[in-house]
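Written below as structure tokens is the structure these notes are about.
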Amino acid sequence: MPNADTVVVLDFETTGLSPGEGDRAIEIGAVRIESGKVTARFQELMNPGRRVDSFIESFTGITNVMLADARPCSDVMRDFADFIGEDNLVAHNASFDKRFLDAEFERIALSYTGQFSCSMLAARRIFQQAPDHKLGTLVEFMNIPVEGVFHRALYDSEMTAKLWLAMLNDVRRRYAISAIDFKQMQRVAKTPKHAVGKFWESVCQL
DNA sequence: TGCCAGGCCCTCTTTAGGGCCTT
């Protein structure tokens, strides 16, 4: 059973938006959060077996030259499967990263048992007053120090992890809740916006 | 600088359409 207090926050850089259209992962980054602290990191480029276009090179800073020496996706994803183990998973706009994780694992007949929760859906409810709910905007909105460049997998996963912890702290302060677990955050991400307050108040009474 | 797709959400909805977010 996964530890309810442990999550792996992950982020993919890819050749495009849709694995169903043939897009592949080119970098995976992830951090493990245990008891509110980052305890492990994973980052590796991976060779998708074809060239990436100039937009992706510009968008991510990951070039075809860099990918030429990278290990193939299959090797990297096997190592990543070991990294995530049975832990639950978090990503910003998780439906995107889940599609790529599922597609890359399916290619090598691997699976995972953890469940996904989405920091974007949670943020839309917890930080309804934010200008928008892009990762970069939320990081700025929460005054999280920016020390790197967005659109690289490890950096984005680090920032998503900090945003996740900031959301936990915000809810703890706002509703005076001593501890919030993954299942509760997963549920709030699916709670109608207007009912989020009532949800946490009900958690308080448990 | 952008398109692609997919899932989710909101609303002038549910017999639907459009915006957001990810690369």
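Note: hydrogens, waters and symmetry copies are ignored here, and every other heavy atom, side chains too, is used. Each chain gets a letter, A, B and so on, in the order the sequences are listed, and its residues count up from 1.
- As judged by a 4.0 angstrom heavy-atom cut-off over every strand, A/D97 is placed among residues making no nucleic acid contact.
- Rounded to a whole angstrom, the distance from the C1' atom of B/dC10 to that of B/dC4 is 24 Å.
- Taking atom P in both B/dT23 and B/dG17, one finds a spacing of 29 Å when rounded to whole Å.
- In terms of the ring pair (Phe, Tyr, Trp, His ring centres under 6.0 Å) criterion, residue partners of A/F150 (sequence neighbours excluded) are, by chain and number, A/Y155.
- Residues satisfying the ring pair (Phe, Tyr, Trp, His ring centres under 6.0 Å) criterion with A/F96, sequence neighbours excluded, are A/F100.
- In this structure, A/F100 reaches neither bases nor backbone, as no heavy-atom distance under 4.0 Å exists between it and the strands shown.
- Of the side-chain N and O atoms in A/H133, one or more sit less than 4.0 angstrom from OP1 or OP2 of B/dC21.
- Among the protein residues, A/L135 comes within range of the sugar-phosphate backbone only, with heavy atoms under 4.0 Å from sugar or phosphate atoms but none that close to a base.
- Qualifying side-chain contact (heavy atoms from CB on, under 4.5 Å) partners for A/A70, counting only residues two or more places apart in sequence or in other chains: A/L45, A/N47.
- Atom C1' of B/dA16 sits at a distance of 24 Å from the matching atom of B/dC3, rounded to the whole Å.
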Scoring nucleotides 6-11 of chain B by protein non-hydrogen atoms under 4.0 Å (B base, S sugar-phosphate only, - none) yields BSSSS-
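- Within the structure, the salt bridge (charged side-chain N to carboxylate O under 4.0 Å, His left out) test picks out the following pairs touching residues 126-141 of chain A (sequence neighbours left out): A/D132-A/K134.
- Heavy atoms of A/T15 sit nowhere under 4.0 angstrom from any nucleic acid atom.
- The side chain of A/H92 contributes no N or O atom lying less than 4.0 Å from OP1 or OP2 of B/dC21.
- Between the side chain of A/T137 and the backbone N or O of A/H133, no donor-acceptor pair lies under 3.5 Å.
- Using a 4.0 Å heavy-atom cutoff across all strands shown, A/D11 reaches sugar-phosphate atoms only and no base atom.
- Within the hydrophobic cluster formed by Ile, Leu, Val, Met, Phe, Trp and Tyr side chains joined at under 4.5 Å, directly or through other members, A/L121 is accompanied by A/M120.
- A distance of about 15 Å separates the C1' atoms of B/dT13 and B/dC8, rounded to the whole Å.
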